[in-house]
Amino acid sequence: MRPGDPVLAKRAGLYREARPAPELAPHLLCRWVHVIPQGPALPVAVVPDGCVDLLWVGDRLMVAGPDLTAAHPVLPPGDPVVAVRFRPGAALRWLGLPMSEITGRQLDLQEFGRPWARGLDDRIGEARTMAERMARLEAGLARVAPEIGPPAPEMTLAFRWLGRGAEAAGLAALRDRLGISERSLRRRCHEAFGYGPKTLDRILRFQRFLRLAADGEEPGLSALAAAAGYADQAHLTREARRLSGLTPAAILGQLTVGAEDERAAA
């Protein structure tokens with residue numbers, strides 16, 4: 001890792017994901033906790049993934065909107081972040097506005113004026129442990145989940161379709177499958193994900209690279225680039241710098257070290 005390089009957020013301190021409560025599974029991808037160790041603050045990079053998170057940080061609930069480039073939040077050392085990640089497209093119904101209005105932003109949940117959010121901060125703030133905070137967050141969401149409804153199935157399909165790696169022909173096939181025009185697909189993607197299908201395709205391709213790099217099954221960056229769907233290694237390098245601020249080699253180094261540490265701990 002070069003001096004000044006940010007640390008991928010999931011490799012900074014202790015980061016753990018788990019399945020959400022069963023009644024929240026139609027709405028949430030996961031619940032997660034993140035603890036930054038005491039000491040000097042590290043530059044952290046949260047790379048785009050097409051999702052929206054609801055997190056308890058400091059003493060309030062915040063909504064982290066979808067990102068176009070890496071976000072660099074200031075995470076308080078020693079103070080656990082407790083959060084849930086919405087399924088792709090689900091936050092539209094929970095928050096009541098297009099995701100394009102909060103792209104690249106982190107906002108206090110109370111700014112959205114949602115009735116289900118009233119008093120949730122206070123209930124979580126009274127909890128004494130990280131586990132209790134998570135339990136109260138999930139309980140507050142579970143109480144109203146039946147009234148919210150899951151994400152639109154068309155947008156769930158669009159996210160999965162693009163996640164498999166869609167080029168221009170793939171986008172045309174997706175429009176045919178959904179029975180909508182290019183303009184309608186672009187509008188609905190902006191509402192559900194915060195940006196259009198081509199941008200979402202770029203972000204999900206980068207996420208494929210991250211998963212493959214963490215798995216450690218592809219020997220070398222050229223093979224990783226091809227497996228993730230990039231034209232070549234130079235294409236991967238350009239996209240990695242745009243979306244994360246890091247080179248693919250730096251990313252691979254961080255993910256490899258993290259994977260070795262996890263295997264050793266196990």
Asker: Tell me if the CZ atom of Arg123 is crowded by more than 12 foreign heavy atoms within 6.0 Å.
Answerer: yes
Asker: If every non-hydrogen atom of Met62 is compared with every non-hydrogen atom of Val57, which pair is closest and at what distance?
Answerer: CG-CG1, 3.6 Å
Asker: If hydrophobic clusters are built by linking Ile, Leu, Val, Met, Phe, Trp and Tyr wherever their side-chain heavy atoms come under 4.5 Å apart, do Leu204 and Leu224 end up in the same one?
Answerer: yes
Asker: I'd like to check Trp94 versus Phe112 (side-chain heavy atoms, cut-off strictly below 4.5 Å). Are they in contact?
Answerer: no
Asker: Give the cluster check for Val35 versus Leu61: same hydrophobic cluster or not, with ILVMFWY residues linked at side-chain heavy-atom distances below 4.5 Å.
Answerer: yes
Asker: Quick one: are Arg241 and Thr247 in side-chain contact, heavy atoms under 4.5 Å?
Answerer: yes
Asker: How about Lys198 and Arg202: do any of their side-chain heavy atoms sit closer than 4.5 Å?
Answerer: no
Asker: What distance do Arg160 atom CZ and Leu174 atom CG have between them, rounded to the nearest 0.5 Å?
Answerer: 13.0 Å
Asker: Is the backbone of Ala21 close enough, under 3.5 Å, to the side chain of Glu138 for a donor and an acceptor to pair up by distance?
Answerer: yes
Asker: Minimum heavy-atom separation for His34 to Ile36, with atom names?
Answerer: NE2-CD1, 3.6 Å
Asker: Please confirm whether the backbone N or O of Pro150 pairs with a side-chain atom of Arg93, one donor and one acceptor, at under 3.5 Å?
Answerer: yes
Asker: Considering all heavy atoms of both residues, which atom of Pro73 and which atom of Val44 are nearest to each other, and what is their separation?
Answerer: CD-O, 4.1 Å
Asker: Is the Tyr15 ring parallel, tilted or perpendicular to the Trp32 ring (thresholds 30°, 60°)?
Answerer: tilted
Asker: Quick one: does any side-chain atom of Arg87 pair with a main-chain N or O of Ala25 as donor and acceptor, under 3.5 Å?
Answerer: yes
Asker: Hydrophobic clusters here meaning ILVMFWY residues chained together by side-chain heavy-atom distances under 4.5 Å, can you tell me if Met155 and Ile148 are in one?
Answerer: no
Asker: Counting only N and O atoms by type, is there a donor-acceptor contact under 3.5 Å from the side chain of Ser244 to the main-chain atoms of Val47?
Answerer: no
Asker: Is Leu210 close to Asp49 at the side-chain level, that is, under 4.5 Å between some pair of heavy atoms?
Answerer: no
Asker: So, the side chain of Arg31 versus the backbone of Arg19: is there a donor-acceptor pair under 3.5 Å, distance only?
Answerer: yes
Asker: Would you say Val84 ends up clustered with Val63 if hydrophobic residues are merged whenever their side chains have heavy atoms under 4.5 Å apart, either directly or through other cluster members?
Answerer: yes
Asker: Nearest heavy-atom pair of Ala117 and Leu109: which atoms, and what distance?
Answerer: CB-CD2, 3.6 Å
Asker: Taking all heavy atoms of Ala70 and all of Ala45, pick out the closest pair and write down the distance.
Answerer: CB-CB, 4.3 Å
Asker: Is it the case that the side chain of Glu23 and the backbone of Arg143 share a donor-acceptor pair, with hydrogens and angles ignored and the cut-off at 3.5 Å?
Answerer: no
Asker: Kindly say whether Gly163 contributes a backbone atom to a donor-acceptor pair with the side chain of Arg208 at under 3.5 angstrom?
Answerer: yes
Asker: Could you tell me if the side chain of Leu137 sits less than 4.5 Å from the side chain of Leu54, heavy atoms only?
Answerer: yes
Asker: Considering only heavy atoms from C-beta outward, does the side chain of Pro248 approach that of Gln233 to under 4.5 Å?
Answerer: no
Asker: Search all heavy atoms of Asp67 against all heavy atoms of Thr69 and return the closest pair with its distance.
Answerer: CB-O, 3.3 Å
Asker: Does the pair Arg242/Glu239 count as a salt bridge with the N-to-O cut at 4.0 Å?
Answerer: yes
Asker: CG/Leu236 to CD1/Ile251 distance, rounded to the nearest 0.5 angstrom?
Answerer: 7.5 Å
Asker: Would you say that Leu141 contacts His27 through its side chain, given a criterion of any heavy-atom pair below 4.5 Å between the two side chains?
Answerer: no
Asker: Can you check whether Met130 reaches Met134 side chain to side chain, under 4.5 Å on heavy atoms?
Answerer: no
Asker: Are Ile203 and Leu212 connected into the same hydrophobic cluster when the rule is that any two of I, L, V, M, F, W, Y join if their side-chain heavy atoms are below 4.5 Å apart?
Answerer: yes
Asker: Using the rule given for side-chain contact (heavy atoms from CB on, under 4.5 Å), can you reason through Phe209 versus Leu243, listing the C-alpha separation, both sets of side-chain angles and the distance that settles it, and then say yes or no?
Answerer: CA-CA 12 Å; Phe209 162 69; Leu243 294 173; over 6 Å; no
Asker: side-chain contact (heavy atoms from CB on, under 4.5 Å) for His235 and Arg238? Distances and angles first, verdict last.
Answerer: CA-CA 5 Å; His235 184 198; Arg238 291 193 300 272; 3.8 Å; yes
